There are 2 protein chains.
Amino acid sequence: MTDTTIAALIQRLRTTTGASDDDLRALEALPYTLRNYRENQSILRDGDRPSECCVIVDGFCVRSKTIEDGKRQILSIHIPGDLPDLQNLHLATMDHDLVALSNCALAFIAHSAIRDLIRSRPTVGDIFWRDTLLDAAVFREWIVNVGQRAAHNRLAHIIVELRERLRMVGRVTGDAFAMPLTQEQIGEAMGVTSVHTNRILRQLRLDGVLEFHRGTVKILNEHKLQELAQFDGRYLHSSPST
Amino acid sequence: MTDTTIAALIQRLRTTTGASDDDLRALEALPYTLRNYRENQSILRDGDRPSECCVIVDGFCVRSKTIEDGKRQILSIHIPGDLPDLQNLHLATMDHDLVALSNCALAFIAHSAIRDLIRSRPTVGDIFWRDTLLDAAVFREWIVNVGQRAAHNRLAHIIVELRERLRMVGRVTGDAFAMPLTQEQIGEAMGVTSVHTNRILRQLRLDGVLEFHRGTVKILNEHKLQELAQFDGRYLHSSPST
DNA sequence: GCGCCGGCTTAACAATTGTTAAGTCCGGAA
DNA sequence: TTCCGGACTTAACAATTGTTAAGCCGGCGC
């Protein structure tokens with residue numbers, strides 16, 4: 001039943017929201033266009049006014065903002081099952097970029113189709129609205145991460161959050177998982193330079209916490225990782241009643 | 001017509017969204033309970049499961065998160081006309097705190113009343129949804145601010161953003177406006193210590209950019225301020241078509 | 001295979017920011 | 001009015017993070 005193109009989205013909504021089977025079937029029935037993006041390819045740019053939303057079918061994307069002096073901040077990392085530009089349903093103009101981190105498959109659904117579905121099934125609207133609120137909850141934790149945690153804790157937190165989210169869509173097996181960012185991009189996510197990112201990664205490796213090599217994280221010491229990350233996943237609101 | 005308790009909210013929605021007069025009248029007709037909070041009083045705490053939402057009628061609030069070691073990060077500053085806990089309509093549990101910065105008057109509206117209104121007027125639902133998306137857009141810029149800008153630019157940005165938002169609800173006259181945070185709280189907003197906040201404020205004063213005294217910002221040199229803030233207000237989506 | 005290029009690694013040094021510790025100032029309570 | 005406490009201010013010093021620069025490594029195109 002969830003063996004559709006947008007299976008990851010359906011799986012995530014089924015386990016984390018109170019979506020009815022009817023609503024999920026209606027979502028699966030939405031008309032979409034599948035498009036592939038290459039590593040580093042822009043999907044949407046700051047200022048764009050898109051008329052469709054995308055579901056990540058496979059691969060990783062990031063949302064980011066670049067400021068005047070060229071510095072870039074990564075705002076969020078997106079994985080299969082995410083709707084990284086759903087906000088465009090009500091905010092006409094993109095205020096940031098959406099970029100493919102790895103080769104990606106995206107299912108594009110016209111705003112008009114989504115609006116029609118919401119009109120005929122208001123509970124689907126609630127599910128979508130909730131998804132954008134979850135987005136905001138993740139942004140809030142990201143602010144805390146960048147604002148208050150030391151760089152090594154910050155990196156541990158990003159890693160644990162990503163792993164939790166990947167687990168929800170069945171993308172983690174064993175002690176390793178994909179995180180296809182360069183060290184420079186990890187730095188842009190943390191708000192530090194690539195040189196400092198490298199320092200932190202080396203320290204984590206020497207301390208036997210984790211290894212990061214060519215886009216793959218391997219956890220060596222789960223206990224130490226948890227200690228560093230200070231991760232409290234309540235903000236992911238991963239059960240319907242939270 | 002906008003001389004109601006929630007005038008600031010109505011004014012903001014009228015100018016920044018495409019809300020119809022009928023929708024705005026329906027909003028004004030919502031039943032509410034007015035409650036007053038004192039400076040520093042908690043309105044909602046992390047973990048609460050509220051059954052109503054509030055509109056800020058008067059005063060300032062902040063949303064914040066406190067991490068294990070006691071450090072606190074301010075996530076957003078809220079002003080009259082804001083709906084700082086609208087996300088609870090779909091996320092049952094608070095994942096952060098909402099605190100009154102100054103003495104505040106808040107109008108509380110039951111979730112059930114809001115849900116009823118949305119059901120009978122879906123366009124009101126769109127307006128509310130959009131408002132939470134705007135919230136998320138402000139969070140995104142806040143991430144950029146904390147992650148990429150040097151502390152003096154960061155403070156300038158916070159000040160300019162706050163002023164823009166205060167202007168929308170008619171709370172700025174001349175070159176001064178209220179920002180009732182202590183230096184420690186400004187630091188918690190920027191992700192720096194109170195000592196460093198003090199350094200930055202002194203430098204801005206010596207450079208003739210602005211003065212901050214007892215919760216009031218006075219702009220001395222608008223040009224220098226703009227230069228520091230690197231402020232691009234597009235993310236505030238302050239016209240209906242953005 | 002060879003060379004190129006992007007990404008990784010490291011080191012030395014500089015700048016920013018945090019920590020600690022003393023005050024000072026000022027408004028409200030007694 | 002006086003005193004008290006919270007907020008502000010400053011300085012000295014420490015820690016973290018940025019900057020610059022150089023070399024290395026490894027995959028990919030020729």
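Bear in mind that the values here come from a model prediction, so they are computed numbers and not experimental data. Here is how names work: the chains are called A, B, and so on, in the same order as the sequence lines, proteins then strands, and each is numbered from 1.
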| said: At a heavy-atom distance below 4.0 Å, what parts of residues 180-193 of chain A sit against DNA chain D? | reply: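 Those residues whose heavy atoms fall under 4.0 Å from DNA chain D, taken from residues 180-193 of chain A in numerical order, are A:Gly191, A:Val192, A:Thr193.
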Length of the [atom1]-[atom2] vector between [X] and [N], whole Å:
X	N	atom1	atom2	answer
B:Arg202	C:dT24	CZ	C1'	14 Å
A:His196	C:dT9	NE2	P	15 Å
A:Gln203	C:dC8	CD	P	19 Å

Salt-bridge present ([X], [Y]; N to O < 4.0 Å):
X	Y	result
A:Asp95	B:Arg140	yes
B:Arg167	B:Glu164	yes
A:Glu141	A:Arg149	yes

Terminal axes of the helix from C:dG1-D:dC30 to C:dA30-D:dT1 (5 end pairs apiece), angle rounded to 10 degrees, sit apart by 40°
Inset, instruction - Apply salt bridge (charged side-chain N to carboxylate O under 4.0 Å, His left out) to B:Arg171 and B:Asp58, showing your working. - result: CA-CA 10 Å; B:Arg171 254 67 173 184; B:Asp58 198 41; 3.6 Å; yes
More than 12 heavy atoms of other residues, nucleotides or ligands under 6.0 Å from [atom1] of [X]: is that the case?
X	atom1	result
A:Gln230	CD	yes
B:Arg49	CZ	yes
B:Glu184	CD	no

Original post:
Do you see a donor-acceptor pair shorter than 3.5 Å between the side chains of A:Thr66 and A:Arg72?
Top reply: no
Residue pair A:Arg214/A:Ile200 against DNA chain D: nearer the 5' end by closest nucleotide is A:Ile200
Query raised in the report: Taking the nucleotide of DNA chain D with the closest heavy atom to each, which residue, A:Arg149 or B:Gly215, is nearer the 5' end?
Result: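 It is B:Gly215 whose nearest nucleotide is closer to the 5' end.
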Any idea how B:His157 and B:Tyr235 line up, ring-wise: parallel (<30°), tilted (30 to 60°), or perpendicular (>60°)?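 Parallel: the ring planes of B:His157 and B:Tyr235 meet at under 30°.
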Problem set entry | Main-chain N/O of A:Phe231 paired with A:Gln226 side-chain donor or acceptor, under 3.5 Å | no
Can you spot which of B:Leu34, B:Leu9, B:Thr4 makes a side chain to side chain contact (heavy atoms under 4.5 Å, CB included) with B:Val57?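 By the side chain to side chain contact (heavy atoms under 4.5 Å, CB included) criterion, B:Val57 pairs with just one of B:Leu34, B:Leu9, B:Thr4: B:Leu34.
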* Asked: Just the endpoints, please: which first and last nucleotides of DNA chain D, 5' to 3', lie under 4.0 Å from a heavy atom of chain A?
  ->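 Range of nucleotides touched by chain A: D:dT17 to D:dT20.
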